[in-house]
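Worksheet: the structure to be examined is printed underneath.
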Number of protein chains: 2
Amino acid sequence: MSEDVFKALADPTRRTILDELAERDGQSLFEICSRLAMKHELALTRQAVSQHLAVLETAGLVVSRREGRYKFHDLNTQPLEQIVTRWLRPRAPESTP
Amino acid sequence: MSEDVFKALADPTRRTILDELAERDGQSLFEICSRLAMKHELALTRQAVSQHLAVLETAGLVVSRREGRYKFHDLNTQPLEQIVTRWLRPRAPESTP
DNA sequence: TTGATAGGCAAGTGACAACTTGCCTATCGT
DNA sequence: ACGATAGGCAAGTTGTCACTTGCCTATCAA
């Protein structure tokens, strides 16, 4: 459902998480936590980030894979494509008549 | 600010308004109200729709022009383009190595 | 000028979402 | 086995957002 995608993108912290995953795929929860703290001065608890990741995963924007006690997260940009084409009408060099 | 764009797109009613403006540009507040009621069974007050339009206008997704006692609203898809390219990395035929 | 129409401003309410706190489970190293 | 590390679950709180209600301004028609 694209509803979940829009709701997931509504939060600035979640968008920053997507930025970080776009920069480097396959990060664990703790890696994302420290990156948010270091690079973005976002001092969130581990649970807060975990909940954000759950929202992103429900939206399909993040895919996770478990390996042992680690859980790695990957970015999935596929749900983004449909949300733009929703209002972008076929391009005409001039505006519509 | 793209922050406003994401917040504007977070609400399903606002997305429906964008749908209606994509279908027909230059609608007044009352036209949008009745369209939401007729086509989408969204029985909102005039003020509710007006507030939604204000949010969309702040985000730059809707541009309005006043003529007499009427205020016409037009869709502007330009702010949408940047929000996609934010995470869409350069395309490779296969997945990243 | 009066009434009707199109829209605006501001305070109040209810619901949801972000975040925290506290506790619990699972995997790895020694 | 034991401690440490990586993560999960659930309840509570606070703030924000969507929506309503009530009143006010501006334009047009008669």
Side-chain angles (χ1 to χ4, degrees), chain A residues 1-21 24-38 40-59 61-74, chain B residues 1-21 24-38 40-59 61-74:
Chain A
M1 190 68 78
S2 70
E3 164 77 26
D4 299 320
V5 179
F6 288 108
K7 276 171 57 180
L9 293 176
D11 187 82
T13 303
R14 282 195 288 269
R15 294 197 297 272
T16 306
I17 293 177
L18 293 183
D19 289 337
E20 286 305 315
L21 289 180
R24 195 220 282 183
D25 250 343
Q27 296 188 58
S28 73
L29 174 58
F30 272 72
E31 281 182 281
I32 298 173
C33 279
S34 42
R35 284 226 172 184
L36 290 178
M38 300 295 179
H40 304 277
E41 280 107 22
L42 287 174
L44 299 174
T45 59
R46 174 180 55 85
Q47 287 83 351
V49 180
S50 178
Q51 285 167 7
H52 280 310
L53 285 171
V55 173
L56 290 169
E57 221 170 327
T58 303
L61 290 167
V62 163
V63 182
S64 67
R65 49 196 160 89
R66 184 123 206 189
E67 290 181 18
R69 56 176 163 174
Y70 297 97
K71 190 181 178 189
F72 300 113
H73 302 82
D74 297 296
Chain B
M1 190 68 79
S2 70
E3 163 78 25
D4 299 319
V5 179
F6 288 109
K7 275 172 57 180
L9 292 177
D11 187 84
T13 302
R14 281 196 288 270
R15 294 197 297 272
T16 306
I17 292 177
L18 293 183
D19 289 337
E20 286 304 313
L21 289 179
R24 196 221 280 183
D25 249 343
Q27 296 189 58
S28 74
L29 175 59
F30 272 72
E31 281 182 282
I32 298 173
C33 278
S34 43
R35 283 225 173 186
L36 291 177
M38 299 294 178
H40 304 276
E41 280 108 22
L42 287 174
L44 299 174
T45 60
R46 174 181 54 85
Q47 287 84 348
V49 179
S50 177
Q51 286 168 8
H52 281 310
L53 286 171
V55 174
L56 290 169
E57 221 171 326
T58 302
L61 291 166
V62 163
V63 181
S64 67
R65 49 194 159 93
R66 186 124 204 189
E67 291 182 18
R69 56 177 165 175
Y70 297 98
K71 190 179 178 189
F72 299 113
H73 302 82
D74 297 296

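So you know, we letter chains A, B, ... as the sequences are listed, proteins then strands, and number each from 1. Just so it is clear, the structure is predicted and the values come from calculations on it, not from any experiment.
- Axis angle across the helix from dT1(C)-dA30(D) to dT30(C)-dA1(D), with five pairs used at each end and values rounded to 10°: 30°.
- Put simply, CD1 on I32(A) and CZ on R24(A) are 10.0 Å apart, with the number rounded to the nearest 0.5 Å.
- By the side chain to side chain donor-acceptor pair (under 3.5 Å) test, E57(A) pairs with S64(A), sequence neighbours left out.
- When each of I17(A), V62(A), L36(A) is tested with H52(A) by the rule side chain to side chain contact (heavy atoms under 4.5 Å, CB included), just one qualifies, namely I17(A).
- The backbone N or O of K7(B) sits less than 3.5 Å from a side-chain atom of R14(B), completing a donor-acceptor pair.
- Remark: C1' of dC9(C) and CG of L29(B) are 14 Å apart, rounded to the nearest angstrom.
- The distance between atom NZ of K7(B) and atom C1' of dC16(C), rounded to the nearest whole Å, is 15 Å.
- The interatomic distance linking R65(A) (CZ) with dA6(D) (P) rounds to 16 Å, in whole Å.
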Pick out the pairs of N or O atoms, protein on one side and nucleotides 19-24 of chain C on the other, that lie under 3.5 Å.
{"residue": "dC19(C)", "atom": "OP2", "partner": "H52(A)", "partner atom": "NE2", "Å": "2.2"}
{"residue": "dT20(C)", "atom": "OP2", "partner": "T45(A)", "partner atom": "N", "Å": "3.1"}
{"residue": "dT20(C)", "atom": "OP2", "partner": "T45(A)", "partner atom": "OG1", "Å": "2.7"}
{"residue": "dT20(C)", "atom": "O4", "partner": "Q51(A)", "partner atom": "NE2", "Å": "3.1"}
{"residue": "dG22(C)", "atom": "O6", "partner": "Q47(A)", "partner atom": "NE2", "Å": "3.3"}

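- Distance CZ (F72(A)) to P (dA6(D)): 10 Å, rounded to an integer number of Å.
- Rounded to an integer number of Å, the gap from CZ of R66(B) to C1' of dT5(C) is 12 Å.
- Phosphate contact (OP1/OP2 of dA18(D), side-chain N/O of R14(B), threshold under 4.0 Å): present.
- For S28(B), no side-chain nitrogen or oxygen approaches OP1 or OP2 of dA6(C) to under 4.0 Å.
- For R69(B), taking side-chain heavy atoms from C-beta onward, the closest of the listed nucleotides dA6(D), dA18(C), dA6(C) is dA6(C).
- We find that CG of L53(B) is positioned 13 Å from P of dC9(C), with the value rounded to whole Å.
- Protein atom CG of L42(B) is 14 Å distant from nucleotide atom P of dA18(D), rounded to whole Å.
- When the nearest nucleotides of DNA chain C are assigned to Y70(A) and A10(A) by heavy-atom distance, the more 5′-ward of the two goes with A10(A).
- Between the side chain of R65(A) and the backbone N or O of F72(A), no donor-acceptor pair lies under 3.5 Å.
- K71(B) NZ to L53(B) CG: the interatomic distance, rounded to the nearest 0.5 Å, is 7.5 Å.
- Considering every non-hydrogen atom in both D25(A) and D74(A), the closest pair reads OD1-CA, 3.3 Å.
- Residue F6(A) contributes atom CZ, which lies 16 Å from atom P of dA17(C) at whole-angstrom precision.
- E20(B) and H40(B) share a donor-acceptor pair across their side chains, judged by distance under 3.5 Å alone.
- Residue K71(A) has no polar side-chain atom (N or O) positioned under 4.0 Å from OP1 or OP2 of dT27(C).
- Of the possible polar contacts, none joining the R46(B) side chain to the C33(B) backbone as a donor-acceptor pair under 3.5 Å is found.
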